[in-house]
Structure formats: structure tokens, C-alpha cells
Amino acid sequence: MSARYYAGKWNEHEIVLVNDEAEQLLIDGKMAAKNKAGIHLSIELTGEIPMEDGLFVFIHWEGGNCACIVGKPLEASYDKETKTFFTEYEGHKLEANNKKLKGKLIVDGAETDKEDGMFNTYTILGSKPDENGKRFMAVLSDGGLKLNCRFFAQAENVRMYPCQKQGGELIPIYRNDIDEGFAVGFMLGASID
């Protein structure tokens, strides 16, 4: 059984996934998105971060793994002939495809990332970070009978920790020597009702 809570922090904003009958994405303690009640094998939730100039949190949870991206979502188009998703952002052309069941992200005509193994039900691909640590990212997910793609600009990964609730605070369930100091320092302020 997977954790009921996953928590992370980005620029002092607390991000929490409540994995319950109806999953919820909380940003700074307020509900930003909610799923319909039911049994879900995977979920995707997106919510806008308050006062951050159009930046959104994107969460993908599946099988006990929780991935989180903060970035600007971009509208994607699909070319049936080339089987490629594409978009543009500030003069940059982004493309993503899943040819031969291996996802690829192409930025300005150059391949920047590709899936190493077989296609999973979802994969996150990213460009190299710019001088500010931001990158372009593409999330490829299997929507049943068709592939879906979401693009993000000015994107960053956010580490999400499986947590348990103790006295109104979320405490990481797993700790190791590398993450312990970070997790303890960052979780002390995270609380949930």
C-alpha cells in the first residue's frame, strides 16, 4: 500500500498530494485541484500557484511513485502524419514523440532527452537547465488508446516525500542519510488539517 500523503516544497510554497478516495492537490494548505472519488491506478492533478505569474504545479502519481513539476503549461498540437506533439515558447520550438515506444524531447531541432527503456505509462523528459536552473519539460502519458503530451516551460522538478500525519504535521516516512537533513528541515512547517 502506498502512502496517503506526499509533500514537497518549492520556493517556500508547500505542495501536498492527499492520496485518498478523492485525491487532492493542496498548495500552501489550500485545495488547488481534486479528483473524482473512486479507485484510480494513476492520477494527474494540476493547480496554479498563487502570486507566481502563471506557474502551475503538475502532479502525477502511479503505483506509489509521485512526480511533481512546477512550470508554465504550454498548449500542444499534434501532427498525425509525423506522430509528433509540438508547441512554441518565446521563439523555441518544442517537439515530443513516442516513435518505436521510446519517448523523445526535441528543442529547436536538437534531441535533448529520450527514454532509455521501454515506454512506461508515463515518462517525464527535460532539456538541460538554463542559467536559472529552468528547463523545458514534456510529460508523455498513455491515455488508454492514445498518447497524451503536456509541455512545460520554466520548469523544475520538485522532490515529493511520502509522509504520514502526526499531530497535524506531515512527517516523511522514509529517510536516508542524504535526504534526512533536508526532509526534516523542510517538513517542520508542513501541516494539514
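Here, residue 1 is the first one in the sequence, and each next residue gets the next number.
Closest of all the heavy-atom pairs between Gly91 and Asp108 is O-OD1, 4.1 Å. Annotation for Met137 and Ile124: closest pair CE-CG2, 3.8 Å, computed over non-hydrogen atoms. Pairing each heavy atom of Glu48 with each of Gly54, the nearest pair is OE2-CA, 3.8 Å.
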Lys93 vs Glu88, salt bridge (charged side-chain N to carboxylate O under 4.0 Å, His left out): CA-CA, chis, key distance, verdict: CA-CA 5 Å; Lys93 184 176 180 182; Glu88 290 190 19; 6.0 Å; no
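A donor-acceptor pair shorter than 3.5 Å cannot be found between the side chains of Glu23 and Trp61. Using modelled atom types and a 3.5 Å distance limit, the side chains of His92 and Glu90 yield no donor-acceptor pair.
Rounding to the nearest 0.5 angstrom, the gap separating the OG atom in Ser77 from the CZ atom in Phe151 is 9.5 Å. Going from atom CG of Asn19 over to atom CD1 of Ile43 covers 5.5 Å, rounded to the nearest 0.5 Å. The distance from the CD1 atom of Ile106 to the CG atom of Asn97 is 5.0 Å, given to the nearest 0.5 Å. Rounding to the nearest 0.5 angstrom, the gap separating the CD atom in Gln164 from the CD atom in Glu169 is 12.0 Å. From Glu156, atom CD reaches atom CG of Leu55 across 8.5 Å, with rounding to the nearest 0.5 Å.
For the pair Ile59 and Thr46, the minimum side-chain heavy-atom distance is 4.5 Å or more.
The number of heavy atoms from other shown groups lying within 6.0 Å of CG (Asp53) does not exceed 12.
The aromatic rings of Tyr78 and Phe85 sit tilted, their planes meeting at an angle between 30° and 60°.
Ring centroids of Phe152 and Phe58 are separated by less than 6.0 Å, placing the two rings close together.
With salt bridges taken as basic N to acidic carboxylate O contacts below 4.0 Å, one links Arg150 and Glu44.
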